[in-house]
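Reviewing the structure listed below.
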Amino acid sequence: FAANLFIGGFESERSSGLNENYLIAPGDKISIWMWGAVAFSDVVTVDNQGNIFIPNIGPVHVADTPAGSVNALVTNSIKRIYTNDVNTYVNLLTSTPVAVYLTGPVIRPGQYAGLASDSVLYYLKRAGGIDFNRGSFRKIDIRREGKVIATADLYEFIREGTLPGVSFKDGDTIVVHPVGDRVTVADGANNSYTFEFKKDELKGETLLDYARPRDFISHVSVAGLRSDQQFAQYVSLNEFNNVVLQSGDEVNFINDHVA
């Protein structure tokens with residue numbers, strides 16, 4: 001489940017605009033126009049201290065400001081000096097490339113270049129995607145200076161469209177954890193896949209939500225191991241909600257209505 005996320009070619013595609021939530025960083029380029037009582041036009045670069053310099057205004061600190069707010073921030077700084085008859089327009093032109101490391105069970109671990117506004121999916125795809133036999137789709141940490149700043153769960157992206165809203169910085173590391181507990185749905189479901197579970201999810205109710213049994217399914221069979229012994233269980237669809245599953249189980253959804 002979710003393995004087809006890495007089939008497309010979106011790693012070579014970019015949107016034409018910048019994410020408004022992107023945080024400005026040193027090296028970014030910002031265009032500034034002033035007209036009216038004062039005429040000025042230039043493209044300035046954010047320096048290593050996070051400032052831009054505007055003649056007659058001085059340094060303006062813009063680092064870590066969302067791209068959507070930079071116009072207001074710089075305009076307010078200009079208005080403190082030129083209080084009358086000066087119009088301004090400020091726009092972020094480019095964001096600085098960053099180098100991000102990928103490690104863990106991915107196809108091609110290593111260092112990859114991208115933009116701070118690129119998603120964790122972009123970097124994972126550049127590394128060839130997650131090795132679904134070894135890597136977790138549920139626990140992908142983004143680490144900065146040795147600390148986890150966000151964790152991605154690709155099931156949440158597939159089901160709800162959510163990913164961590166992270167602006168990457170040079171030297172960030174994406175760490176894919178080893179694969180967790182897995183249960184395979186062999187037949188009878190709209191989503192007949194192998195699913196990875198978090199520890200607190202190993203129950204029938206969660207699998208029903210993921211697998212979505214087809215219409216007219218009435219029963220469920222579960223086969224696996226319990227205490228190193230072969231195990232099999234056959235229950236109604238309603239009873240399956242409360243069944244506790246274990247890693248390695250195989251589940252079949254069955255149409256067994258009484259004629």
Side-chain angles (χ1 to χ4, degrees), residues 10-11 13-34 38 40-83 86-103 110-127 139-154 156-157 160-176:
F10 62 84
E11 82 282 1
E13 300 171 2
R14 293 190 184 277
S15 60
S16 57
L18 290 164
N19 185 340
E20 287 193 352
N21 295 319
Y22 165 71
L23 300 180
I24 293 173
D28 289 349
K29 296 185 182 298
I30 297 173
S31 63
I32 301 174
W33 291 271
M34 291 190 291
V38 175
F40 174 80
S41 175
D42 198 5
V43 175
V44 296
T45 301
V46 182
D47 65 24
N48 289 334
Q49 299 180 63
N51 299 323
I52 57 172
F53 188 85
I54 306 173
N56 300 321
I57 303 296
V60 179
H61 190 76
V62 295
D64 295 325
T65 299
S69 303
V70 67
N71 187 19
L73 173 68
V74 177
T75 297
N76 288 338
S77 298
I78 293 171
K79 292 291 188 182
R80 283 198 287 267
I81 304 300
Y82 299 114
T83 56
V86 174
N87 299 296
T88 63
Y89 182 75
V90 182
N91 186 44
L92 175 63
L93 293 179
T94 61
S95 60
T96 306
V98 296
V100 174
Y101 297 93
L102 280 97
T103 188
Q111 183 186 48
Y112 292 90
L115 298 180
S117 55
D118 285 329
S119 71
V120 64
L121 275 178
Y122 171 85
Y123 288 104
L124 287 169
K125 182 63 194 304
R126 292 211 63 191
K139 190 174 183 183
I140 303 161
D141 288 341
I142 302 167
R143 301 180 67 88
R144 179 172 298 161
E145 298 178 352
K147 298 180 179 179
V148 176
I149 62 169
T151 298
D153 181 344
L154 297 187
E156 290 184 2
F157 174 72
E160 301 172 13
T162 58
L163 282 173
V166 174
S167 288
F168 284 95
K169 292 187 176 182
D170 242 3
D172 284 354
T173 302
I174 298 172
V175 182
V176 177

Of all the heavy-atom pairs spanning Gln49 and His61, show the shortest one and how long it is. O-CE1, 3.3 Å

Report yes if the side chains of Val120 and Val166 come closer than 4.5 Å at any heavy-atom pair, otherwise no. no

For Lys169 and Val100, which heavy atoms make the closest approach, and how far apart are they? O-CG2, 4.4 Å

Sole residue of Val60, Val46, Asn91, Ile24 in side chain to side chain contact (heavy atoms under 4.5 Å, CB included) with Val70: Ile24

Arg144 side chain to Ala150 backbone, donor-acceptor under 3.5 Å: no

Distance from Asp172 atom CG to Arg143 atom CZ, nearest 0.5 Å? 11.0 Å

CG on Asp153 to CG on Leu163, rounded to 0.5 Å: 9.5 Å

Interatomic distance, CD1@Ile32 vs OG1@Thr88, rounded to 0.5 Å, equals 9.0 Å

Other residues, nucleotides and ligands only: do more than 12 of their heavy atoms fall within 6.0 Å of CZ on Phe40? yes

Considering all heavy atoms, the nearest Thr75-Asn71 contact: OG1-O, 2.7 Å

Dump the intermediate steps for side-chain contact (heavy atoms from CB on, under 4.5 Å) on Leu102 and Leu124, then the final yes or no. CA-CA 7 Å; Leu102 280 97; Leu124 287 169; 3.8 Å; yes

Just by modelled atom types, is the Ala25 backbone N or O under 3.5 Å from a matching donor or acceptor in the Asp28 side chain? yes

Shortest non-hydrogen contact from Val98 to Leu115? CG2-C, 3.9 Å

Roughly how far, to the nearest 0.5 Å, is CD1 of Ile54 from CG of Asp42? 9.5 Å

Measuring from Gln111:CD to Thr103:OG1, what's the distance to the nearest 0.5 Å? 12.5 Å

Rounded to the nearest 0.5 Å, what's the gap from CH2 on Trp33 to OH on Tyr89? Could you check? 6.5 Å

With the side chain counted from C-beta on, respond yes when Leu154 and Leu121 share a heavy-atom pair under 4.5 Å apart, and no when they do not. yes

Would you name the heavy atoms of Thr151 and Pro164 that are closest together and state the gap between them? O-CG, 3.6 Å

What is the minimum heavy-atom distance between Asp47 and Pro26, and which atoms define it? O-CB, 3.3 Å

